[in-house]
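Each remark here refers to the structure printed beneath this line.
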Amino acid sequence: MRSKDISPKMNISAAEVEMLDNTFDLSIGQKIGGLSMFSNVFKRGYGNAVFGSDENGIWLGAADFPTAPFRVTMAGAIYAASASFPNLVTITIFKQNGIPTSTAIGDLWFDTDDNNKMYRAGSVGATTIASGQWELVNTVGVQIFAQNGIPTSLNVGDLWYDTDDNNKVYRAASVGADQITAGEWVLVNDLRAADALLKAGSSQTLSGDILVGGSNVKIDGANTRILINDGTNNRIVIGNV
Amino acid sequence: MSDNDNAFSIQLEGFNEGFSPLAHIDSKTFVGNKGQASDMKADIISLPGFLTQSPALASLTNGTQAGVVDQLIRFILDKPTAADVTYAIGTTKLFKLSSTAVVSGGSPSWPQAVTNMTEGESVIRLKANIYGFFNKSSGGDILKMPIATEVIDHTWGSVTAAALQNAPHPSACKEDVMVFGNGRYLGVYIEGSATLDVQKLDFGEGSEIADVLFHSNTWWIAVNFGEGKRGQIYLYDGSAISNILSDEVGVGDQKIGFLYVQNGIIYVAYDDKSSSGFAIGWLNGRTIKPLRYFTGTLPTHRQKALYKNTLLFVSSPDIWSIGAPVEQLPVQISKLSDGGYSTLGALACPFGTPMIASSESTNFRIAKFSGYSTDSLWKSIMLDVTSERDLGKINTVIVTTKALVGSAKAEITIEGNQGVLTSNTLSVTGVGLTRHVFKTITLGACEDIRVVVSFANGDATNYCPIRKINLLGSFVER
């Protein structure tokens with residue numbers, strides 16, 4: 001008969017069993033491949049070459065969101081150190097005296113010593129005012145002159161108020177008009193003006209004569225008379241003869 | 001009833017299992033396995049399965065105050081910078097070590113005094129330079145020493161960036177990045193950009209970094225808060241560029257001593273305030289799973305090393321081991337050897353053999369494992385030998401050893417009734433013997449027994465490896 005074995009017996013696992021990660025939980029600092037998946041951060045990459053996301057948003061190109069050259073906040077605000085969108089046109093707007101060199105089709109040039117005329121570039125590298133180069137965009141307005149002498153019109157449609165002739169209004173029929181004649185400065189004769197004078201209220205004093213129907217009927221205030229003329233002679237005269 | 005009806009046997013073997021799980025609570029515990037100890041200072045990792053004497057310590061040449069070690073060496077660089085060359089830092093000096101000696105003299109003359117240093121904290125190699133972190137009477141600094149010239153720049157840290165806090169300064173490096181503890185701050189030096197920031201991260205008022213290490217493309221930072229009332233482990237981006245921590249795990253209401261990584265597993269030494277003694281755990285998922293407990297003191301970042309596939313650490317006044325020599329054996333924790341003098345400093349294993357620095361009053365030494373110590377013993381757990389109304393009486397003890405050489409010797413006694421009774425001494429010795437049978441055991445019937453193996457009269461050259469102790473006894477009616 002064998003003796004009774006009363007040796008202590010405690011089951012102790014081998015190290016490879018005891019130290020088996022059996023938590024079924026992501027380990028602290030969990031990484032899969034090049035991915036770092038921390039409790040509040042996802043990162044892919046190393047150093048500043050990182051794509052990441054955290055409570056701030058997503059970012060690219062830095063270790064952290066705040067210094068990233070590209071980042072988008074949770075609110076959707078985007079910051080990018082630079083951007084290029086090939087399908088969008090970037091134009092340059094020039095404002096100068098001389099003819100600029102266009103950098104893109106659609107560039108605009110305001111000619112500052114020529115009434116700010118606006119030109120549009122029809123090609124890249126346009127350096128002249130010509131078709132396919134700098135093309136005038138017809139947006140020029142009219143020049144309004146208010147002076148005694150006859151001005152030289154700049155545009156068709158320019159207006160001139162003749163200040164020493166009761167502000168008569170003339171319209172330029174051509175560029176460079178410098179005479180009062182057909183095709184140059186043409187009087188703008190608003191016939192309604194006389195009617196307006198007649199319709200003016202009482203106690204108004206009119207200067208000069210009032211002619212009705214050419215010179216056949218004339219109210220001559222300066223000579224205190226009313227004349228009816230047959231074309232040659234006064235037939236009826238009321239007032240001073 | 002035949003004699004055998006009352007016979008019992010107890011077989012003690014499998015000594016590689018180290019301390020009983022409750023030895024840190026009760027030095028006379030009944031809980032444990034047949035190879036486990038209630039108390040011990042012995043080597044069970046060098047020859048797993050066998051119980052052998054602790055390694056002895058031999059001072060390095062020049063390794064005492066009679067040589068050039070006139071202060072406690074606080075940190076030893078665990079990785080040689082060249083064949084048979086490493087460095088260590090004391091309280092006021094930087095030392096140069098080989099596997100056998102502390103270098104004395106030369107040009108520049110070793111050891112080298114470090115200006116204003118009062119407390120060396122760590123030494124690290126980063127590319128072609130050695131960096132030393134140290135405290136002064138107020139604040140601290142970082143020295144830089146090119147390995148090629150060994151000329152020290154004593155104020156490199158404060159001149160390059162700023163002075164350090166007066167605090168522990170654990171350090172670690174990877175490629176061209178070096179991180180270090182600086183009190184409540186984590187400091188970072190990136191050699192590629194020559195960028196030193198001694199306050200890269202701030203863990204807040206009342207915090208103190210206990211240790212740092214690099215693992216899995218991530219810096220692991222152990223931080224204690226409120227004078228060790230709470231410990232936390234943080235993860236930090238491997239490039240050390242980020243200003244934001246990556247992840248964290250709480251240790252709890254416990255102070256962290258050190259972190260250590262081996263074979264991809266992070267070990268944590270901490271003060272388990274909920275229990276007696278201290279604990280070594282490992283990071284399992286998002287938790288720290290305690291592995292084993294120990295008594296003594298909480299080791300620091302300056303007191304850890306790898307030895308025979310186990311983690312060696314200081315728990316004053318001794319050197320302990322935790323881990324399994326091979327994966328197929330259980331994890332053990334054991335007190336491996338004495339550390340020298342009463343105050344232990346640095347522990348490292350740069351050349352394969354552990355080195356330990358110690359001091360006591362005006363005595364200082366740095367020593368390494370060499371030969372066998374006679375300051376070594378092993379005590380089994382308490383063994384209940386009662387059966388109903390019967391007590392147990394040991395009649396025969398059979399000890400199995402390797403074939404003994406020279407004066408190899410171990411002495412065995414059996415304590416009875418929780419140490420009240422003690423048997424005669426059984427000497428395990430004899431050249432060539434492997435089986436030692438003792439039939440005269442002067443110990444009466446007991447309630448419990450404990451086997452004590454002492455190497456006090458053992459041999460410093462020839463060890464006495466014990467594989468098995470078989471106790472044969474009988475139940476005696478009382």
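Predicted, not measured: the structure shown is a model, and the values here were computed from it. Order of the sequence lines sets the chain letters (A, B, ...), proteins ahead of strands, with each chain counted from 1.
Rounded to the nearest 0.5 angstrom, Met19(A) CE and Ile265(B) CD1 are separated by 4.0 Å. One distance of note links CG of Asn395(B) with OG of Ser3(A); it measures 11.0 Å at 0.5 Å rounding.
Few gaps surround NZ on Lys9(A); more than 12 heavy atoms of other groups in view lie less than 6.0 Å from it. Within 6.0 Å of OH on Tyr79(A) lie more than 12 heavy atoms contributed by other residues, nucleotides or ligands. Counted within 6.0 Å of CG on Asp165(A), heavy atoms from surrounding residues, nucleotides or ligands total more than 12; the atom is thus considered enclosed.
Using a 4.5 Å heavy-atom cutoff, the side chains of Met10(A) and Val31(B) are in contact. At least one side-chain heavy atom of Lys4(A) sits less than 4.5 Å from a side-chain heavy atom of Ser387(B). Here the side chains of Pro8(A) and Leu383(B) are in contact, with some heavy-atom distance below 4.5 Å. Considering only heavy atoms from C-beta on, Lys43(A) comes within 4.5 Å of Ser242(B) through its side chain.
The heavy-atom pair separating Lys34(B) from Ser7(A) by the smallest distance is CD-CB, 4.4 Å. Residue Ile12(A) comes nearest to Glu17(B) through the heavy atom pair CD1-OE1, 3.4 Å, listed as atom of the first residue, atom of the second, then distance. Taking each heavy atom of Gln328(B) and Ala14(A) in turn, the nearest pair found is O-CB, 3.3 Å.
Neither the backbone nor the side chain of Asn11(A) comes within contact range of chain B; no heavy atoms are under 4.5 Å apart. Only the side chain of Gln36(B) comes within less than 4.5 Å of a heavy atom of chain A; its backbone N, CA, C and O stay farther away.
Applying the side chain to side chain donor-acceptor pair (under 3.5 Å) test to every pair with at least one member in residues 141-153 of chain A, sequence neighbours left out, gives these pairs: Asn148(A)-Thr163(A).
Between chain A and the options Ile381(B), Leu291(B), Leu472(B), Leu471(B), the largest number of non-hydrogen pairs under 4.5 Å is found for Leu291(B).
By a heavy-atom distance cut of under 4.5 Å, Ala63(A), Asp64(A) are the residues of residues 61-77 of chain A near chain B, going up by number.
In this structure, Arg292(B) pairs ionically with Glu18(A), as a charged nitrogen and a carboxylate oxygen lie closer than 4.0 Å.
Judged as a ring-ring contact (aromatic ring centres under 6.0 Å, His included), and not counting sequence neighbours, Trp59(A) has no contacts. Applying the ring-ring contact (aromatic ring centres under 6.0 Å, His included) rule to Phe475(B) yields the partners Phe8(B); only residues at least two apart in sequence or on another chain are considered.
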